[in-house]
Amino acid sequence: LLILATAALGSWYLARSNQPVAVDRVPFDSGYSGYYLKTARILGTDSDGSLLYEIEAAHAEQKAEDRIEFTDVQIRYSPAADVPWVVRADEATLREGNPRIALRGHVRAVSTRGNNDQDTEIRTQYLELDPERYVAETDERVQIRIGARSLTATGMLASLNENKVELKSNVRGKIAP
């Protein structure tokens, strides 16, 4: 009986000393309910619910409840909208309740319906696009190219559906015949 009691106490002691040490665990943060997408495609609709434009991005991530960040972005209007512009940028931000998309880093807008069948290209580092109103605007330096012709300015307001561009200030250009 004494041998059995000693064996039981010894095994209890050994089992207790082999217990894993409690590790402080980081609790799951259930307050953040964001998402991220790879090779994202977001569709924008008009007031009738018809497809108006699409945003394609290599990566999209919800940063806050009301903000989505995109990388390697391309925005294209649907063929039914008859807007020949395609806009590309390194990054973009879309905020809930704000129709404007803020585009940053090597922003490039190209229209295939230029004068004399030449593409029109707009380049800047920052551009705000309101796809529902077909308006693109910036206060930054902008360069516009139509074939061999080139203009630079500070600030621009463009109506994409009417193919009109208004340059705000410091306009300089090179126009060759």
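Keep in mind that what you see is a predicted model, and the values were worked out from it rather than measured.
The line from CZ of Arg141 to OG1 of Thr152 is 5.0 Å long, rounded to the nearest 0.5 Å. In this structure, the separation between NE2 on His59 and OG1 on Thr39 is 10.0 Å, given to the nearest 0.5 Å. To the nearest 0.5 Å, atoms CG (Leu103) and CZ (Phe70) are separated by 10.0 Å. A distance of 4.5 Å separates CZ of Arg76 from CD of Gln74, quoted to the nearest 0.5 Å. Here the CD1 atom belonging to Ile42 is positioned 10.5 Å from the CD atom belonging to Glu56, to the nearest 0.5 angstrom. One finds the OG1 atom of Thr124 at 11.0 Å from the NE2 atom of His106 (value rounded to the nearest 0.5 Å).
For the residue pair Thr138 and Val142, the shortest heavy atom distance occurs at CG2-CB, 4.5 Å. Closest approach of Leu52 and Asp46 over heavy atoms only: CB-N, 3.9 Å. Taking all atoms of both residues into account, the shortest heavy-atom contact from Val107 to Ala89 is CG2-CB, 3.9 Å. The heavy-atom pair separating Pro131 from Leu129 by the smallest distance is CD-O, 3.2 Å.
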CA sep, side-chain torsions, deciding dist, call: Thr71, Glu91, side chain to side chain donor-acceptor pair (under 3.5 Å): CA-CA 4 Å; Thr71 57; Glu91 299 175 346; over 6 Å; no
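The environment of CZ in Arg172 is sparse: at most 12 heavy-atom neighbours from other residues, nucleotides or ligands sit within 6.0 Å. Annotation: Leu43, atom CG; neighbour count of heavy atoms from other residues, nucleotides and ligands within 6.0 Å is above 12.
Salt bridge annotation for Arg104-Glu140: absent, with no cationic side-chain nitrogen under 4.0 angstrom from a carboxylate oxygen. A salt bridge does not link Glu166 to Lys168: none of the charged nitrogens lies less than 4.0 Å from a carboxylate oxygen. Looking at Arg123 and Glu121, a side-chain N of the basic residue comes within less than 4.0 Å of a carboxylate O on the acidic one, giving a salt bridge.
Taking the six-membered ring where the residue is Trp, Tyr53 and Tyr77 present perpendicular rings, their angle passing 60° and hence far from 30°.
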